[in-house]
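Data first, discussion second: the structure below is written as structure tokens.
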Amino acid sequence: LRGEECKGTRLQVREDQLEPQLEPFMAALEMPADWRKRVKQLLESNSQIGELTKRRDDLRSQLRRLNYQFEQGLIEEVDIPNYQKKAQRLIREINSIVISDNSHTFEMCEQALGMVSTWHKADRVQRNAILKEMFEAIYVNTVTKEIVGVKPYAEFVALFKKSKLIESDYLFVLKNEEAVQQQTERLPVSGGSDGARTRDLCLDRAAC
């Protein structure tokens, strides 16, 4: 985006190097006994509803712009598969943003906590299934081979907001200066910049 060379382009990171780094993210989701009360207070606040509404409107705007480019023939034939994949991802995220009654949210939060409780006993296949259900994406610095943030599906956001993780730009990071610095500098940059390209792990429910 800045016209500078991206040294991280097309770099890949082995799954076995990243899996141990997910442990502190899962551990951070250990909730206090009164988590239901805290989540309820968050859901009833106007700011929470406003954030979800704004996020959904932003996604719809992105989808409209993307479809307009396709309809006007502005997307090259070779790029059509990427267009379709991006459009499907936007549609899934839009559909996942549900501003509904508390009972639905509590049900989803309890489901997430149930998956977290089985994480330590799960094998690799089971862990992969858990990640697909909980996260839209996991962001990786392909230069340092480190996970720098996770993006849960919208129905789990309220739970993550009450965890030990910290939120910035719809992503959650570990509460330490290094993670915050990485997240601030790299994750908001689409496609990568500053010599460190961020790349999603294959956690797409439809693609995997």
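Computed from a predicted model, the values in this text were never measured in an experiment.
Residues satisfying the side chain to side chain contact (heavy atoms under 4.5 Å, CB included) criterion with K164, sequence neighbours excluded, are A28. For R65, the salt bridge (Lys or Arg N to Asp or Glu O under 4.0 Å) criterion is met by no residue, not counting sequence neighbours. In this structure E23 satisfies the salt bridge (Lys or Arg N to Asp or Glu O under 4.0 Å) test together with R127, sequence neighbours excluded. By the side chain to side chain contact (heavy atoms under 4.5 Å, CB included) test, R60 pairs with R56, D57, R64, I94, sequence neighbours left out. Not counting sequence neighbours, D123 has no partner by the salt bridge (Lys or Arg N to Asp or Glu O under 4.0 Å) test.
Here the side chains of Y139 and K151 are in contact, with some heavy-atom distance below 4.5 Å. Using a 4.5 Å heavy-atom cutoff, the side chains of L174 and L165 are in contact. In this structure the side chain of K121 never reaches within 4.5 angstrom of the side chain of Q126, judged on heavy atoms. F172 is listed as a side-chain neighbour of K161, based on a closest heavy-atom distance under 4.5 Å.
Heavy-atom contacts from other residues, nucleotides or ligands closer than 6.0 Å to CZ of R14 number 12 or fewer.
A donor-acceptor distance shorter than 3.5 angstrom exists from the side chain of Q21 to the backbone of K145, with no hydrogens or angles considered. In this structure, E133 contributes its side chain and A129 its backbone to no donor-acceptor pair below 3.5 Å.
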side-chain contact (heavy atoms from CB on, under 4.5 Å), that's the test. Do I138 and L18 meet it? Break it down for me.
CA-CA 10 Å; I138 292 175; L18 298 175; over 6 Å; no

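In this structure, the separation between CH2 on W119 and CG on L131 is 4.0 Å, given to the nearest 0.5 Å. In this structure, F25 CZ and F160 CZ are separated by 9.5 Å, a value rounded to the nearest 0.5 Å. Interatomic distance, L63 CG to D58 CG, rounded to the nearest 0.5 Å: 12.5 Å. In this structure, CG in L29 is found 5.0 Å from CE in M134, a value given to the nearest 0.5 Å. To the nearest 0.5 Å, atoms CD1 (I91) and CZ (R89) are separated by 12.0 Å.
The minimum heavy-atom distance between L66 and A87, with the atom names listed, is CD2-N, 3.7 Å. Nearest heavy-atom pair across M115 and I130 is O-CD1, 3.6 Å. Scanning both residues, P24 and P20, for their nearest heavy atoms gives CD-O, 3.9 Å. Between V116 and M26, the closest heavy-atom pair is CG1-O, 3.6 Å.
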In residues 75-84, what donor-acceptor pairs under 3.5 Å come from side-chain atoms, sequence neighbours left out?
residue	atom	partner	partner atom	Å
Y83	OH	N67	OD1	3.0

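Looking at E136 and R92, no side-chain N of the basic residue comes within less than 4.0 Å of a carboxylate O on the acidic one, giving no salt bridge.
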